[in-house]
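This is a predicted model, so every value here is computed, not measured.
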Amino acid sequence: MLRRKTQRSRKHLSQIPAGSLIDIEIVMPASRKRVRTEFIGVLEDQYIILNYPNPKRLGAAADYVKTGTEIIVRALPEDSDGQIIAFKENIKAISNHPARLIFLYYPHEVQTYQLRAQTRVPALIPAILQLSDYNEVGVIKDISLSGMMFDIQKEHLPDDLESENCEVLIEGKDDNASAIKGKVCRIIESAEGNVSLGIQVVGPDTTIKAVLKDYLIDLSILSDEGEG
């Protein structure tokens with residue numbers, strides 16, 4: 001599980017660098033929308049400033065990016081050793097000039113979560129499975145610091161994959177691809193014609209951390225009811 005520490009001092013906000021990518025979740029009456037945007041900065045005890053997300057990614061949620069809407073913010077700063085910083089607050093104001101920005105009320109509470117090696121984060125990340133003589137496109141369905149579940153079409157799967165060394169190529173931000181070295185440790189076939197490959201990461205987890213920083217998806221680490 002995710003290990004939670006609640007920090008009422010809010011000191012962890014200073015660990016989020018200006019310009020870094022963060023994950024925001026827009027809370028709407030019947031659903032939620034998650035998008036990435038840039039963290040602009042903090043004016044202590046007054047407000048948090050975020051860049052306005054790309055309207056194309058917001059879709060219908062753009063109508064709810066307005067004063068009073070609740071926003072959940074999640075950040076994974078560099079050199080944080082897998083520590084996720086999260087808080088939720090309401091939108092205080094939206095500015096249009098000189099730049100389109102979101103101002104959030106200064107949070108009353110900031111929570112930090114340490115991502116353990118065995119934590120599986122649900123995902124939907126397109127990637128390429130690369131073997132010595134075989135490449136195939138698939139989807140990472142979940143990912144942790146120590147491994148991942150990689151889905152691929154059964155008809156494209158070569159024989160005797162178990163214990164095979166591999167690389168998983170993931171496109172990151174700025175079109176930079178990440179190559180994660182691993183070993184196939186489990187093969188699960190489904191009735192729909194798909195195969196899920198359990199892949200164990202071999203070597204340092206720095207590349208996995210970079211992927212988590214880029215995607216930061218489906219980390220349900222805040223709830224309306226205080227967990228404890």
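- Salt bridge annotation for Lys88-Glu109: absent, with no cationic side-chain nitrogen under 4.0 angstrom from a carboxylate oxygen.
- Between the Lys33 side chain and the Arg57 main chain, a donor and an acceptor come within less than 3.5 Å of each other.
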Side chain to side chain contact (heavy atoms under 4.5 Å, CB included) evaluation trace for Glu136 with Gln130: CA-CA 7 Å; Glu136 185 61 48; Gln130 189 173 68; over 6 Å; no
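- Between Tyr47 and Tyr106, a ring centre-to-centre spacing not shorter than 6.0 Å is recorded.
- In this structure, CD in Glu167 is found 10.0 Å from CG in Asn135, a value given to the nearest 0.5 Å.
- Checking side-chain atoms of Thr69 against main-chain N and O of Ile91 turns up no donor-acceptor pair under 3.5 Å.
- Summarising the geometry, atom SG belonging to Cys166 is positioned 10.5 Å from atom CD belonging to Gln200; distances are rounded to the nearest 0.5 Å.
- Sorted by first and then second residue, the side chain to side chain donor-acceptor pair (under 3.5 Å) pairs involving residues 93-103 (not counting sequence neighbours) are Asn96-Arg100.
- Between the side chain of Ser196 and the main chain of Phe150, no donor-acceptor pair closer than 3.5 Å is present.
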Criterion side chain to side chain contact (heavy atoms under 4.5 Å, CB included) on Leu58 and Tyr52, from CA distance to verdict: CA-CA 10 Å; Leu58 284 173; Tyr52 194 95; 3.7 Å; yes
Side chain to side chain contact (heavy atoms under 4.5 Å, CB included) between Ile94 and Ile102, worked out: CA-CA 5 Å; Ile94 303 289; Ile102 298 173; 3.7 Å; yes
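- For the pair Ile199/Leu129, a side-chain contact is recorded, criterion being any heavy-atom separation below 4.5 Å from C-beta on.
- Residue Leu124 holds its CG atom at 9.5 Å from CG of Asp151, rounded to the nearest 0.5 Å.
- When side chains are defined from C-beta on, Lys183 does not count as touching Val201, because their heavy atoms never get closer than 4.5 Å.
- Minimum interatomic distance between Ile170 and Pro126 (heavy atoms only, all atoms of both residues): CG2-O, 4.4 Å.
- At least one side-chain heavy atom of Ile48 sits less than 4.5 Å from a side-chain heavy atom of Pro107.
- The shortest distance between side-chain heavy atoms of Ile22 and Glu38 does not fall below 4.5 Å.
- Minimum interatomic distance between Ala18 and Ile40 (heavy atoms only, all atoms of both residues): CB-O, 3.3 Å.
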